[in-house]
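Working notes, structure below.
Just so it is clear, the structure is predicted and the values come from calculations on it, not from any experiment. Chain identifiers are assigned alphabetically (A, B, ...) following the order of the sequence lines, protein sequences preceding nucleic acid strands; residue numbering begins at 1 within each chain.
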Protein chains: 2
Amino acid sequence: MVARQNTVFKEAYNRYAVALRTDTALPSEPEIAAQLGVSRSTARAILTRLSEEGIIRWNKRQKIVLRQPTDHDLFPSEETDSLHDIIERSFMQRILADDAAPGMQINELELAREIGTGTTSVREFLIRFSRFGLIEKRPNSHWTLKGFTREFALELADVREMFELHSAAEFGRLPRDSQGWVDLAAIRDEHHAMLADINQRFKDFSVLDERFHLLIHRASKNRFIADFYDAIAIVFHYHYQWNKTAARQRNERAIHEHLDYIAALESGDQAAIETACRAHLHSARQTLLQSLPQIATETT
Amino acid sequence: MVARQNTVFKEAYNRYAVALRTDTALPSEPEIAAQLGVSRSTARAILTRLSEEGIIRWNKRQKIVLRQPTDHDLFPSEETDSLHDIIERSFMQRILADDAAPGMQINELELAREIGTGTTSVREFLIRFSRFGLIEKRPNSHWTLKGFTREFALELADVREMFELHSAAEFGRLPRDSQGWVDLAAIRDEHHAMLADINQRFKDFSVLDERFHLLIHRASKNRFIADFYDAIAIVFHYHYQWNKTAARQRNERAIHEHLDYIAALESGDQAAIETACRAHLHSARQTLLQSLPQIATETT
DNA sequence: ATTTTGTTTTTTATCTACAATAAACATTTT
DNA sequence: AAAATGTTTATTGTAGATAAAAAACAAAAT
């Protein structure tokens, strides 16, 4: 019915409200907008509501926080998610569910109805999602789920290895005063910290893993590599929520490999970098293959 | 105004009509549909119109061609292009025009109006097109043209080289009785034929070039490599229409490199394959860089 | 029994409309 | 004069509607 949900406003409102402290004065509208990463129009809408709710007193440049907002002042989390995120979550759950067999048809209208959204948004999502190689479309006809098959995992791993070897070599060539080395040292220390408390913290590894590989890939300064890594990150993000077997052991091993890999990068020795990178990629490939759903073999 | 143009029907109608021969009998509806690559519904619509126009006599299974269709019977070519193709052509012309500077904003509504189409189709096209790395979008805001810059060409060339070296190595490992070798021999002969008549035929090279590289890439059986090559093919297709300088000389040189490359593949010697592949990719990179518009340097 | 034709239903492709958001323009304040 | 606020305009994001095209179902013919 409504053309568009004001989720940008609600999400930014929540974000801004929780950071408010009583009796402080707020900065100018353009500054607030920049802080929140929204337009000034949205920033003004936030100020308007804060004022209406009696959270701030607002008169031109004077913006005083009267009281701390409570949980009750915030918008519920269901209303702050962007439609794209809602569709993504919903769709990933469906295709990772047990009854989602490769070869299955995907129906735009049915999907839209189940998610409670229009078909246009679902269509656009599927078009964007198609670059991850998990779905495919025949023109004028339906989408087909290709699924998390062994073929998919192998093809993904092959490209990932080509790209990461390239990026790692580039990283090794970064000038010594570059920011990359500072970031790498910080990530190295985080690995050590996590290892020291591995029994408690092994679940946090996937976030660290993503940050580490992203740092490497940024060195390549290649948009195609960066895009591909985005795809990998999303696929892994959802996939590993479904496959948590032997996570502690697997993650501990990966941390050790990362540390070897980092040491090789810091040595600047290209041969050592390649060896350490290959070693890690080899075991990452095994992990990926082991995490596949059992039955998933292409049924085209 | 109209929800959807019947371009599938019109295009298939033309395709089928020109192939008709007087006094022949036509096959069953499912067979016609399969021949044309459309649904039976569309095939029936074609038969219906052919019948109405007096081109065939149609009664159940009996379908006799009464007369050869004339040009006058066919739909004009403007009505047979799919909307996607129209938008693609129109958009590529715009971004390859001289006044399309990198950093330029792309306006969906303006584009749609100029092409004479709805915004939804333009949006979907832009989303699909974005994976080629030439445009980029900030959420809730406009698309930006990144353009055929030197950076773009270098990033494209890097990935292309990684993929092609991989695919070429895989091709070299194909079993000797595989179809790939037959196709390769055929393409080799076509290269020789073109070389013998290079002054007349150098303009046909780009089609041969695309077929050759596609054949190599198919050996990798990797959806990400295949998708990337699709992107390259489209970019090159339009790009080289705008940059035809020294085409004869450039193409003749490329043919020689291809022949060396093919010989290396046929030898099955992995080291030779890599050498020949690298040599060709190196000069392809130079060609790409030389063909860039002169001014195009990123203006972010 | 399988294939073909006839008919109906489902699904996609595309248009239009409109609220949310961004961006531009105008006025005021420092 | 530069920056902030106030106001208006342009553009995007999404829903809903509908014709084209595909797909499913039903009846007839080989």
Side-chain angles (χ1 to χ4, degrees), chain A residues 1-10 12 27-33 37-48 58-63 82-84 86-87 105-113 115-127 137-143, chain B residues 1-12 27-33 36-48 58-63 82-84 87 105-113 116-127 137-143:
Chain A
M1 197 63 79
V2 177
R4 193 178 180 179
Q5 237 40 33
N6 56 349
T7 55
V8 172
F9 161 70
K10 286 177 175 173
S28 75
E29 294 172 9
E31 197 168 325
I32 294 171
V38 297
S39 71
R40 188 161 74 89
S41 309
T42 302
R44 275 176 71 87
I46 290 169
L47 289 170
T48 302
W58 182 25
N59 184 265
K60 314 223 163 159
R61 320 199 156 204
Q62 202 180 52
K63 316 180 191 80
S82 80
L83 186 51
H84 181 272
I86 293 171
I87 296 176
Q105 286 181 207
I106 297 165
N107 184 314
E108 292 176 2
L109 188 61
E110 186 191 320
L111 242 178
R113 270 204 282 253
I115 300 173
T117 181
T119 49
T120 313
S121 311
V122 169
R123 266 179 84 78
E124 290 187 1
F125 170 79
L126 291 173
I127 293 169
K137 181 170 172 63
R138 288 212 309 276
N140 298 314
S141 184
H142 49 71
W143 291 90
Chain B
M1 196 67 76
V2 176
R4 192 179 182 178
Q5 234 46 30
N6 55 348
T7 54
V8 171
F9 160 71
K10 287 177 174 172
E11 188 277 331
S28 74
E29 295 172 8
E31 198 168 324
I32 295 172
L36 294 171
V38 298
S39 70
R40 187 161 73 89
S41 308
T42 303
R44 275 175 71 89
I46 291 169
L47 289 171
T48 302
W58 182 24
N59 185 266
K60 315 229 164 152
R61 319 196 157 206
Q62 202 178 53
K63 315 181 191 80
S82 80
L83 186 50
H84 181 271
I87 296 176
Q105 287 181 206
I106 297 165
N107 185 315
E108 292 176 2
L109 188 62
E110 187 190 321
L111 242 178
R113 272 204 283 251
T117 180
T119 50
T120 313
S121 309
V122 170
R123 267 178 83 78
E124 289 187 2
F125 170 79
L126 292 172
I127 293 170
K137 181 169 172 63
R138 288 212 310 278
N140 296 313
S141 185
H142 48 73
W143 290 90

### Message
So A/Glu110, base contact, sugar-phosphate only, or nothing? Heavy-atom distance under 4.0 Å.
### Response
nothing

### Message
For a quick check of understanding: with a heavy-atom distance under 4.0 Å over all strands, which category does A/Thr120 fall into, base, sugar-phosphate or nothing?
### Response
base

### Length of the line joining B/Leu83:CG and C/dC15:C1', which is rounded to integer Å
10 Å

### Task
Kindly indicate whether the side chain of B/Ser141 and the base of C/dA22 share any N or O donor-acceptor pair separated by less than 3.5 Å?
no

### Task
Consider the side chain of B/Asn107, meaning its heavy atoms from C-beta on, and name the nucleotide among D/dA15, C/dT30, D/dT12 that approaches it most closely.
D/dT12

### Message
Any heavy-atom pair between the side chains of B/Gln105 and B/Trp143 that's under 4.5 Å?
### Response
no

#### Entry: Test log, rule side-chain contact (heavy atoms from CB on, under 4.5 Å), inputs A/Leu111 and A/Phe125
CA-CA 11 Å; A/Leu111 242 178; A/Phe125 170 79; over 6 Å; no

### Query
With no angle test and no hydrogens, is the base of D/dA19 tied to the side chain of B/Arg4 by a donor-acceptor pair under 3.5 Å?
no

### Query
From the list C/dC15, C/dA22, D/dT5, which nucleotide is the closest neighbour of the side chain of B/Ser121?
C/dC15

### Query
How many Å lie between CG on A/Asn140 and C1' on C/dT12, as a whole number?
7 Å

### Query
What does A/Ile106 touch in the nucleic acid at a heavy-atom separation under 4.0 angstrom: a base, only the sugar-phosphate, or nothing?
sugar-phosphate

### Message
Whole angstroms only, please: what is the NZ-P distance between A/Lys137 and D/dA21?
### Response
14 Å

### Task
Over all heavy atoms of both residues, which pair between A/Ser141 and A/Lys137 is shortest? Give the atoms and the distance, please.
O-NZ, 2.6 Å

### Query
In whole angstroms, how far is the P atom of C/dT21 from the CH2 atom of B/Trp143?
19 Å

### Query
Is there a side-chain contact (heavy atoms from CB on, under 4.5 Å) between A/His142 and A/Asn107 once you walk through the steps?
CA-CA 7 Å; A/His142 49 71; A/Asn107 184 314; over 6 Å; no

### Query
Should B/Val8 and B/Val38 count as side-chain neighbours, where that means a heavy-atom distance under 4.5 Å?
yes

#### Entry: Distance, rounded to the nearest Å, where A/Asn6 contributes CG and D/dT12 contributes P
20 Å

#### Entry: C/dT11 OP1/OP2 closer than 4.0 Å to side-chain N/O of A/Thr119
no

### Task
Please determine if a side-chain N or O atom of A/Ser28 lies less than 4.0 Å away from the OP1 or OP2 oxygen of D/dA3.
no

### Nucleotide D/dA20, atom P - distance to CZ of A/Arg138 in whole Å
22 Å

### Query
Just checking B/Thr7: base, sugar-phosphate only, or nothing, at a heavy-atom cut-off of under 4.0 Å?
sugar-phosphate

#### Entry: Donor/acceptor link under 3.5 angstrom from B/Ser41 side chain onto base of D/dA23
yes

### Message
Here's a test of your reading of the structure: between B/Glu108 and A/Lys60, which maps to the more 5' nucleotide of DNA chain D?
### Response
A/Lys60

### Query
Between A/Glu31 (CD) and D/dT5 (C1'), how many Å, whole number?
15 Å

### Summary
Comparing nearest nucleotides in DNA chain C, the 5'-proximal residue of the pair A/Thr42, B/Gly118 is B/Gly118

### Query
Of A/His142 and B/Pro139, whose closest DNA chain D nucleotide lies nearer the 5' terminus?
B/Pro139

### Message
Taking any heavy-atom pair under 4.0 Å as a contact, classify B/Lys10: base, sugar-phosphate, or nothing.
### Response
nothing

### Query
For D/dA22, does OP1 or OP2 lie under 4.0 Å from any side-chain N or O of B/Arg40?
no

### Query
So, do B/Leu47 and B/Glu29 sit near enough that their side-chain heavy atoms are less than 4.5 Å apart?
yes

## Note on the structure
Rounded to whole Å, the CD-C1' distance (B/Gln62 to D/dA28) equals 17 Å

#### Entry: Side chain of A/Pro30 - closest among D/dG13, C/dT14, D/dT5
D/dT5

